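Some notes on the structure that comes next.
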There are 2 protein chains.
Amino acid sequence: MSTAEETTGGEVEPWEEVTPEAARRLLVAAVEAFAERGYHATTTRDIAGRAGMSPAALYIHYKTKEELLHRISRIGHDRALDILRTAARREGGAPERLADAVSSFVRWHAGRRTTARVVQYELDALGPDARAEILDLRRQVDGEVRGIIQEGVESGEFDVLDVHGTTLAVLSLCIDVARWFNVDGPRTPEEVGALYADLVLRMVGAK
Amino acid sequence: MSTAEETTGGEVEPWEEVTPEAARRLLVAAVEAFAERGYHATTTRDIAGRAGMSPAALYIHYKTKEELLHRISRIGHDRALDILRTAARREGGAPERLADAVSSFVRWHAGRRTTARVVQYELDALGPDARAEILDLRRQVDGEVRGIIQEGVESGEFDVLDVHGTTLAVLSLCIDVARWFNVDGPRTPEEVGALYADLVLRMVGAK
DNA sequence: GCCGAAGCTGAGCGGCCGCTTAGAGTGCCT
DNA sequence: AGGCACTCTAAGCGGCCGCTCAGCTTCGGC
């Protein structure tokens, strides 16, 4: 397979960029806890406990519990945007690029489900400033997908009446994977990615 | 327009069945608060305040805060299932019934967005028993949509490889409307319903 | 007129919350 | 060796949480 996610190059571990190691452990613990129970139902004692530390240790690396969510959300959105940009800018026609974008994006939502859940569903828990920053990233995400669809329409490869509405639906379909995907379920992230790429090509009336 | 939602007959107000009036006011207040902030971030004082009552009044009508969520979730799922059943059982071919199901279901998620948000995203806040009861209703929801798609495939009206996967995607698309739909946005529930019905017919390869 | 049932409030209980502080342990620089 | 910066813990503070309870009001039945 040759798709956006694999061809980005240097990518190894998701939270590599978070240092020192104790801060990363806390952040990974927070991702798991937020994904399982939601931000508001998660206590700082729970996060610290999962990271094998005392509750006070959290505040050496993060000012508040909300800063943890902000860091997670920012890194997650950066990664999601990176995946879509790579697919949008590769060689090939609009159908190939859209299929690549959807299958990569879906694989990320399924394979990194805990992260994606926090990223997509805990936005409202952020304060106004952090929220605005993340919303700007979301507009860029929307723009990447809309760009591919728009190009496909202009080149005659797609048949779409409402480009904005269809873009919304395509992204919505991908994002909701984070809600229902079950790691122990019958489908692998790759299978869902392939199925969804096919469904999306149908939605845009790809020739 | 003649679709499932209108032809159900007696339906008037959504929470009519909740009595006495004070209990209904509390429940409506809880729906709003849960939808805005999430179940865990909502306090019983907030719910009672929105209903114009003291915090203690809540416990005359409901044993716990969770019972409020359970009642909301149960009634909401019953309504959603009712909408889909009506569409699935009307006369007409599979394409007409699927389009009706999707547009009605989407209109409900958009028009009753606060309720739908609570119903679809706060399931995890329920205890094991209530959760199991709701999951059973969700399986019935899934069954209704899968039934229409299956019939369309068998009659040759649809062209679908993975019936289960496609059913999942169709429902997922509709449900996610409750996440992004904005009452002040540019689209009406009716417009989104019509757009989504068209997109879904494309997904199932309707002739 | 009296009574019991039902609806509601003000006050508050025990407990957990996010977060802080004082101080101990550890390793690097000189 | 001494000093300092960094990391972490034990203890706990003030506050809000879900929920309870004693008592007040209202109202229909007789």
Side-chain angles (χ1 to χ4, degrees), chain A residues 15-73 118 122-131, chain B residues 15-73 118 122-131:
Chain A
W15 307 112
E16 223 187 350
E17 62 216 278
V18 181
T19 56
E21 194 247 349
R24 179 165 56 242
R25 258 164 49 217
L26 283 163
L27 191 127
V28 169
V31 169
E32 286 172 11
F34 292 163
E36 267 178 37
R37 309 216 242 271
Y39 175 79
H40 289 293
T42 298
T43 69
T44 54
R45 285 164 176 82
D46 181 28
I47 297 168
R50 285 176 194 244
M53 301 168 96
S54 78
L58 195 151
Y59 293 91
I60 294 163
H61 301 283
Y62 303 96
K63 278 211 302 283
T64 62
K65 176 178 150 186
E66 196 198 315
E67 191 194 323
L68 260 169
L69 177 61
H70 183 198
R71 292 277 295 270
I72 293 166
S73 197
V118 178
E122 300 293 346
L123 177 66
D124 291 344
L126 289 171
D129 292 354
R131 197 184 148 86
Chain B
W15 306 113
E16 224 188 351
E17 62 215 279
V18 181
T19 54
E21 193 248 349
R24 179 166 55 241
R25 258 164 49 218
L26 284 163
L27 191 127
V28 169
V31 169
E32 286 172 11
F34 292 163
E36 267 179 37
R37 309 217 240 271
Y39 175 79
H40 289 294
T42 299
T43 69
T44 53
R45 285 164 175 82
D46 181 28
I47 297 168
R50 284 174 193 247
M53 302 169 97
S54 78
L58 195 150
Y59 293 91
I60 292 162
H61 300 283
Y62 303 96
K63 279 211 300 283
T64 62
K65 175 177 150 186
E66 196 199 315
E67 192 193 324
L68 260 169
L69 177 61
H70 183 197
R71 291 278 294 270
I72 293 165
S73 196
V118 178
E122 300 293 345
L123 178 67
D124 291 346
L126 290 171
D129 291 355
R131 195 184 150 86

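A note on names: the letters A, B, ... follow the listed sequences, proteins ahead of strands, and every chain is numbered from 1. Not measured: the values here are computed from a predicted model.
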* To do: Would you mind classifying the nucleic acid contact of T43(B) as base, sugar-phosphate or nothing, using non-hydrogen atoms under 4.0 angstrom?
  => sugar-phosphate

* Rounded to the nearest angstrom, tell me the gap between atom CE in M53(A) and atom C1' in dT9(D). => 10 Å

Taking only N/O atoms, report every protein-nucleotides 21-25 of chain D pair under 3.5 Å with atom names and distance.
none

* Asked: Are any non-hydrogen side-chain atoms of V118(A) and S73(A) less than 4.5 angstrom apart?
  -> no

* Just checking, K65(B) and Y59(B): is the charged tip under 6.0 Å from the six-membered ring centre and within 45° of the axis? -> no

* Asked: To the nearest angstrom, how far is Y62(B) atom OH from dT20(D) atom P?
  -> 16 Å

* Structure fact -> Taken in chain and number order and not counting sequence neighbours, the residues that satisfy salt bridge (charged side-chain N to carboxylate O under 4.0 Å, His left out) with E32(B) are R50(B)

* Asked: Whole Å only: how far is the CG atom of L58(B) from the P atom of dT20(D)?
  -> 11 Å

* Looking at T43(A), D46(A), T42(A), which hits side-chain hydrogen bond (donor to acceptor under 3.5 Å, both in side chains) with R37(A)? -> D46(A)

* Kindly compute the distance separating CG (L27(A)) from CZ (R71(A)), expressed to the nearest 0.5 Å. => 6.5 Å

* To do: Give the rounded distance in Å between these two atoms: CZ of R24(A) and C1' of dT7(D).
  => 16 Å

* Is there a side-chain contact between L68(A) and L58(A) (heavy atoms, below 4.5 Å)? -> yes

* Asked: Minimum heavy-atom separation for A23(A) to Y62(A), with atom names?
  -> O-OH, 2.8 Å

* Asked: To the nearest angstrom, how far is I60(B) atom CD1 from dC19(D) atom P?
  -> 15 Å

* Asked: For DNA chain C, which nucleotides open and close the run of contacts to chain B, 5' to 3', at under 4.0 angstrom from a non-hydrogen atom?
  -> dC8(C) to dG12(C)

* Asked: Nearest nucleotide by nearest heavy atom, which residue falls closer to the 5' end of DNA chain C, K63(A) or A41(A)?
  -> A41(A)

* Any side-chain heavy atom of Y39(B) sitting closer than 4.5 Å to one from D124(B)? -> no

